[in-house]
Chemist: 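My questions will all concern the structure given below.
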There are 2 protein chains.
Amino acid sequence: MTTDPDESLPGGVTPTPGRRTAGVPRSIEWTPRETLRVIDQRALPAQVIRRELSSVEEVIDAISTLAVRGANSIGAAGAFGFALGVRGGGDAEEVASAVAGARPTAVALRHGVDDALAAYRRGGSWRDSVGVGVSLLATDENDCARIGEFGRIETRGARRILTHCNTGILATAGIGTALGIVYTKAAAGEDIQVYSTESRPLRQGLRLTVWELQQAGIPVTALVDSAAAALLHSGQIDVVLVGADRIAANGDTANKVGTFSLALAARDAGVPFYVVAPVSAVDPAALDGDAIPIELRGAEEVLAIGPDSPRPDTDVWNPSFDVTPARLLTGIITERGVVRAPFRTGLAQVLGNAE
Amino acid sequence: MTTDPDESLPGGVTPTPGRRTAGVPRSIEWTPRETLRVIDQRALPAQVIRRELSSVEEVIDAISTLAVRGANSIGAAGAFGFALGVRGGGDAEEVASAVAGARPTAVALRHGVDDALAAYRRGGSWRDSVGVGVSLLATDENDCARIGEFGRIETRGARRILTHCNTGILATAGIGTALGIVYTKAAAGEDIQVYSTESRPLRQGLRLTVWELQQAGIPVTALVDSAAAALLHSGQIDVVLVGADRIAANGDTANKVGTFSLALAARDAGVPFYVVAPVSAVDPAALDGDAIPIELRGAEEVLAIGPDSPRPDTDVWNPSFDVTPARLLTGIITERGVVRAPFRTGLAQVLGNAE
């Protein structure tokens, strides 16, 4: 792994259709040196550090420590990680299992690894798995653009947008999912104002979403997670847009912890609440939210945020995700259109179109 | 102002009826040197620093920076601050107005200052106002003990308790309000488990509640604020207990930001949700929550928590409190018993008993 600290943002950013990249580089790409290059999301916004990952161990470490994050990006990273592991002489099954286990909640990771394994079995070369990763990135970029357009149409007139965690350029190979709608609205000339939660414990909202939007010149206001209910109740929000790590067949949605609270508060305040994700986030094998595994992470993410932290042996419950019941969703915005209740039927339809 | 850093907790703690003080000193007291001695709540849990405040300016600074906090404690601090201001030659009206303005939401501060001003007018000496502060501390200590007992009876059988912010020994002159019930249950031999939210931005839950309970040997698990909805939904919580900074005549309750979210999640999960506060927190002049002023605090509380913080000019919405509608409350536990819906009638009754 090599690192490339780069505080002044790079000029040579590849333009993407529908992208507003002013200053935000691609967060994940396969390099001509046959390495996986990512922006280390842990150092932002203080530093823009790119890392080149050249072994499966490095990729697993990057995924599990959230150096690489975002459901779509870790799906592609999983495919590249598998390829690097097989290139390094690993047993295909064992490599696949190790990579897929790096984070349990996002279904995209499992899909990326499964597809990479299948391609390797068909083609016989690790390069076939690289092809899967490259293809996932291209699909993701295209999906984001389509989601942005569907979302722009769906949220027409909604000017003040509340979002959670980070679902933008830093989380995808494109303009993002929930945040992709924000970029698409802004690109269409809409006068918008984004409110971003902090998203404790790792503060992806405060560190990443705020930074992305500031780079793009889109007005953004930050708030602590627990202030969102008061903000929604105050009438200052027109629509809530969040991402998804896994969507069960009935529409129950696993996403960054705190999403469930936002959905309850939006419902109470009468504000539309949308999940925004590619169809690949749907896991038809999970009948409802109870079937989605929720990753519990370490106490240090919660405890170690300052000199006045509690005892390091303090007991902490730190789920990385929560499940928002489908009954609280206004709709699910995908690259194939907006799915509405009853979600089981609607999701089966968009999945069916895929096959 | 003098400071007394004291990492090894003091042995000479004054015992309080119903108190479980193992290692937690009084957080606020008037000294024989005619100064106000407080534990600086900003340095905990890394350091137990006592400060002696000898001027109104020091008291106002301590209140506005949250060195002194907790609705009841700042009410008494307000009375002492007024006394120190008049002793220092200040105009009584001007001093009262300055102290009462240090924090706008908690009604106890205004009451403490008003009572101190009235006593000064009656008696003609700043010492009459000191007497008000001393009396408020004694009343608070007694109220906490009674609240604890009413709460213990009301929550009998509830073993797993979720609380928010800090409402314990550090927030009152006694055992606390919501946390006072926890201490009373523990003292009665109940096998309890407390879940404490972090309470961003100033993390009073993670820094203060966790520390208090660890000192007392009561099992406590911390979680980020936004994880509470998932915790409640999981069936791991029997009751939610929170404090109050001001309760409107209809029961709408201003408390630490995030309380509203907890109430929504508790309602959705079918878990009882109680506000715990002395009757003095009720403001009959506020007809409902819309009449309660909500303090907006500085961006730095949200932004400045690590080397990876966003730009200091990032726009932040930082309300210190939110208002939980009375419709979400199971009851309000006071020193005169438990008030239930319809709250307007019930609160009028407990207030009437006072007059």
Side-chain angles (χ1 to χ4, degrees), chain A residues 42-47 164 195 197-201 203 206-207 210-211 214 219-231 233 236 256-265 267-268 294 299 301-303 305-311 314-319 321-325 328, chain B residues 42-47 164 195 197-201 203 206-207 210-211 214 219-231 233 236 256-265 267-268 294 299 301-303 305-311 314-319 321-325 328:
Chain A
R42 299 167 300 184
L44 285 167
Q47 283 187 298
H164 188 53
Y195 289 82
T197 62
E198 175 177 34
S199 314
R200 278 283 284 154
R203 300 180 294 133
L206 190 59
R207 293 190 300 110
V210 166
W211 181 76
Q214 286 174 340
V220 57
T221 299
L223 59 148
V224 295
D225 300 294
S226 78
L231 183 69
H233 190 74
Q236 291 178 78
K256 171 60 54 191
V257 68
T259 304
F260 183 16
S261 274
L262 294 186
L264 286 167
R267 169 59 53 96
D268 192 70
I294 298 298
E301 287 184 353
V302 175
L303 296 177
I305 69 167
D308 55 358
S309 293
R311 284 175 11 201
T314 295
D315 189 52
V316 174
W317 188 64
N318 184 22
F321 304 93
D322 62 21
V323 174
T324 300
L328 298 175
Chain B
R42 299 167 301 183
L44 286 167
Q47 283 188 299
H164 188 51
Y195 290 83
T197 61
E198 175 177 35
S199 315
R200 278 283 283 153
R203 300 180 294 134
L206 190 59
R207 294 191 300 108
V210 166
W211 180 77
Q214 287 174 339
V220 58
T221 298
L223 59 147
V224 297
D225 300 294
S226 77
L231 183 69
H233 190 74
Q236 291 178 77
K256 171 60 52 190
V257 69
T259 303
F260 183 16
S261 275
L262 295 186
L264 286 166
R267 169 59 53 96
D268 192 69
I294 298 298
E301 288 184 352
V302 175
L303 296 176
I305 69 165
D308 54 359
S309 293
R311 284 175 10 202
T314 294
D315 188 51
V316 174
W317 187 65
N318 183 23
F321 304 92
D322 61 22
V323 174
T324 300
L328 299 175

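No experiment lies behind these values; they were computed from the predicted model shown. Convention: sequence-line order gives letters A, B, ...; per-chain numbering from 1.
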Chemist: Looking only at non-hydrogen atoms, find the nearest pair between B:Ala230 and A:Asp322 and report the distance.
Modeler: CB-CB, 3.7 Å

Chemist: What option among A:Leu223, A:Val210, A:Thr221 has the most heavy-atom pairs under 4.5 Å with chain B?
Modeler: A:Thr221

Chemist: What's the shortest heavy-atom distance between A:Asp268 and B:Phe260, and which atoms?
Modeler: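 The answer is OD2-CZ, 3.7 Å.
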
Chemist: Report which part of A:Pro310 has an atom under 4.5 Å of a heavy atom belonging to chain B: side chain, backbone, both, or neither.
Modeler: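 Both parts, backbone and side chain.
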
Chemist: Tell me, side chain or backbone of B:Arg203 under 4.5 Å from chain A's heavy atoms, or both, or neither?
Modeler: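 Only the side chain of B:Arg203 comes within 4.5 Å of chain A.
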
Chemist: So for B:Pro45, is it side chain, backbone, both, or neither that comes closer than 4.5 Å to the heavy atoms of chain A?
Modeler: both

Chemist: Between A:Leu44 and chain B, with a heavy-atom cut-off of 4.5 Å, which part of the residue counts as in contact: side chain, backbone, both or neither?
Modeler: backbone

Chemist: Would you mind telling me which of A:Gln214, A:Arg207, A:Glu301 has the largest number of heavy-atom pairs within less than 4.5 Å of chain B?
Modeler: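 Winner by heavy-atom pair count: A:Gln214.
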
Chemist: Give, as side chain, backbone, both or neither, the part of A:Asp315 having an atom under 4.5 angstrom from any heavy atom of chain B.
Modeler: both

Chemist: Do B:Val224 and A:Val316 have side chains that approach each other closer than 4.5 Å (heavy atoms only, starting at C-beta)?
Modeler: no

Chemist: Could you pull out the closest heavy-atom pair between A:Val257 and B:Ala227, with the gap in Å?
Modeler: CG2-CA, 3.5 Å

Chemist: Could you tell me which portion of A:Val220 (side chain, backbone, both or neither) has an atom closer than 4.5 angstrom to a non-hydrogen atom of chain B?
Modeler: backbone

Chemist: Based on non-hydrogen pairs under 4.5 Å, which of B:Pro201, B:Pro325, B:Ala222 is most in contact with chain A?
Modeler: B:Ala222

Chemist: How close do B:Ser226 and A:Arg200 get, counting heavy atoms only, and between which atoms?
Modeler: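 For B:Ser226 and A:Arg200, the tightest heavy-atom pair comes out as OG-O, 4.2 Å.
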
Chemist: Determine the option with the most heavy-atom pairs under 4.5 angstrom with chain B, choosing from A:Thr197, A:Leu264, A:Ile294.
Modeler: A:Leu264

Chemist: For A:Ala229 and B:Ser261, which heavy atoms make the closest approach, and how far apart are they?
Modeler: CB-OG, 3.4 Å

Chemist: Which atoms form the tightest heavy-atom contact between A:Leu206 and B:Val302, and what is the distance?
Modeler: CD2-O, 3.6 Å

Chemist: Sort A:Arg42 into side chain, backbone, both or neither according to what part of it lies under 4.5 angstrom from a heavy atom of chain B.
Modeler: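 The backbone, not the side chain.
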
Chemist: Looking at A:Thr314, A:Val323, A:Asn318, which has the largest count of heavy-atom pairs under 4.5 Å with chain B?
Modeler: A:Thr314

